[in-house]
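This report refers to the structure that appears directly beneath it.
Values in this document were obtained by computation on a predicted structure and should not be read as measured data. By convention in this document, chain letters (A, B, ...) are assigned in the order of the sequence lines, proteins followed by strands, and residues within each chain are numbered from 1.
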Amino acid sequence: MCGRYSLAVSTSEIESWFKAELESGDFSPTWNAAPGQVLPVMVRRDRSWLRPMRWGFQVAVGSGSSFVINARTETVGSKSSFKHLANGFRCVIPSTGFYEWQKRGGEKIPYYIHFPDLPVYGMAGIYRPETLEQESSFLILTTEPKGIIRSIHDRMPLVLDREGVEEWLDGGMDVEVRLNLTEQARGFRAETYTVSNRVNRVGVNGPELVREERHEAVWTLFD
DNA sequence: CCAGACGTTGTT
DNA sequence: GTCTGG
DNA sequence: CCAGACGTTGTT
DNA sequence: GTCTGG
């Protein structure tokens, strides 16, 4: 699953990597992007835009509702809550790395995961457009973890390189077909290591959050 | 038409 | 609220 | 994702 | 246990 990530680059670097223009506002680099925050998200209209959106939204479930921050790639195209968004409101969330918590005994140990060959990348997402009642908000799609990441957690975000970003945003294909295409292995390295549990506190931020405590491995993401 | 499900984890 | 299944 | 709160009155 | 806030 993906519940925290870093976006440790300036707005202008995001604009240039994604060839997109910021619609409004400004963003500082962050090493602790968390659900509930407003973050830059790429959408495609006439051209590519970076739009401020809130991470997560309420989904009706049972008689009540739940705050959801992820959707499974396996089911996003068929679940009633997400199907319409997956077909019409796809987006890409800029990122420079993400965190996963490994359960070890009763402890949860945070790992930072990033890609040395892909220092900036996108995560596939869907979003709810702005309405009179509610601001725009997004979810991050999750998938089966690949390679070394399997030893940390059983889900991870759907990571997109430049080509993947185009495949996810472009064209008129059915969302199931599109996901199959987007999930094709492309083979780049993932570096993973444990970090300080200071990242647990959403109010804490700074480059020290991604400082390595214990190195685990550099491995191929897709094998 | 109505009834029932509808999201993610992780744990048992 | 909205979709699927019957 | 994690952290932290989680009830009611009435009074200041 | 469950909800809210970040």
How far, in whole Å, is E/dT4 from D/dG7 if one measures between their P atoms?
-> 11 Å
Checking all strands, does A/Leu139 fall into the base, sugar-phosphate, or nothing category for heavy-atom contacts under 4.0 angstrom?
-> nothing
Quick one: stems involving DNA chain D, counted as three or more successive Watson-Crick or G-U pairs, both distances short of 3.5 Å.
-> D:1-6 with E:1-6
Roughly how far apart, to the nearest Å, are B/dA5 and D/dA5 at atom C1'?
-> 31 Å
Given atom CG of A/Asn87 and atom C1' of C/dT2, what is their separation to the nearest angstrom?
-> 15 Å
If we take the C1' atom in both D/dC6 and B/dC6, what is their distance in whole Å?
-> 27 Å
With the side chain of A/Gln58 defined as its heavy atoms from C-beta on, choose the nearest nucleotide among D/dA3, E/dT4, E/dG6.
-> E/dT4
Can you give one letter per nucleotide of nucleotides 6-11 of chain B, 5' to 3': B if a protein heavy atom sits under 4.0 Å from the base, S if only from the sugar-phosphate, - if neither?
-> BBSSSS
Test A/Tyr112 against A/Thr192 for side chain to side chain donor-acceptor pair (under 3.5 Å), laying out the working first.
-> CA-CA 6 Å; A/Tyr112 185 61; A/Thr192 70; over 6 Å; no
Any ion pair linking A/Glu144 and A/Arg150 (charged N to carboxylate O, less than 4.0 Å)?
-> no
Let me know the distance between CZ of A/Arg201 and C1' of D/dC1, rounded to the nearest Å.
-> 14 Å
By nearest-nucleotide position on DNA chain E, the 5'-leaning member of A/Ser65 and A/Asn200 is A/Ser65
Rounded to whole Å, the CD1-P distance (A/Ile109 to D/dC2) equals 12 Å
Starting from C1' on C/dT4, measure out to NE2 on A/His84 and report it in whole angstrom.
-> 16 Å
Scan residues 9-18 of chain A for pairs that pass salt bridge (Lys or Arg N to Asp or Glu O under 4.0 Å), counting only residues two or more places apart or in two chains.
-> none
For atom C1', what is the distance between B/dT8 and E/dT2, given to the nearest Å?
-> 15 Å
Say whether A/Tyr111 and A/Gln102, considering side chains only, have a donor N or O and an acceptor N or O under 3.5 Å apart.
-> yes
Rounded to whole angstroms, how far apart are CH2 on A/Trp55 and P on D/dC1?
-> 10 Å
May I have all residue pairs that pass salt bridge (Lys or Arg N to Asp or Glu O under 4.0 Å) and include part of residues 48-57 of chain A, sequence neighbours excluded?
-> A/Glu23-A/Arg51, A/Arg54-A/Glu135
To the nearest Å, give me how far apart CE (A/Met53) and P (E/dG6) are.
-> 21 Å
Applying side-chain hydrogen bond (donor to acceptor under 3.5 Å, both in side chains) to A/Arg155 and not counting sequence neighbours gives A/Glu74, A/Thr142
Taken in chain and number order and not counting sequence neighbours, the residues that satisfy side-chain hydrogen bond (donor to acceptor under 3.5 Å, both in side chains) with A/Glu213 are none
Round to the nearest Å and state the distance from A/Tyr111 atom OH to D/dC2 atom P.
-> 14 Å
Sidechain N-carboxylate O distance under 4.0 Å for A/Glu166, A/Arg44 | yes
Rounded to the Å, how far apart are A/Leu85 CG and C/dC3 C1'?
-> 13 Å
Taking all atoms of both residues into account, what is the closest heavy-atom pair of A/Gly122 and A/Val92, and its distance?
-> CA-CG1, 3.6 Å
Side-chain donor-acceptor contact under 3.5 Å, A/Glu130 with A/Ser136 | no
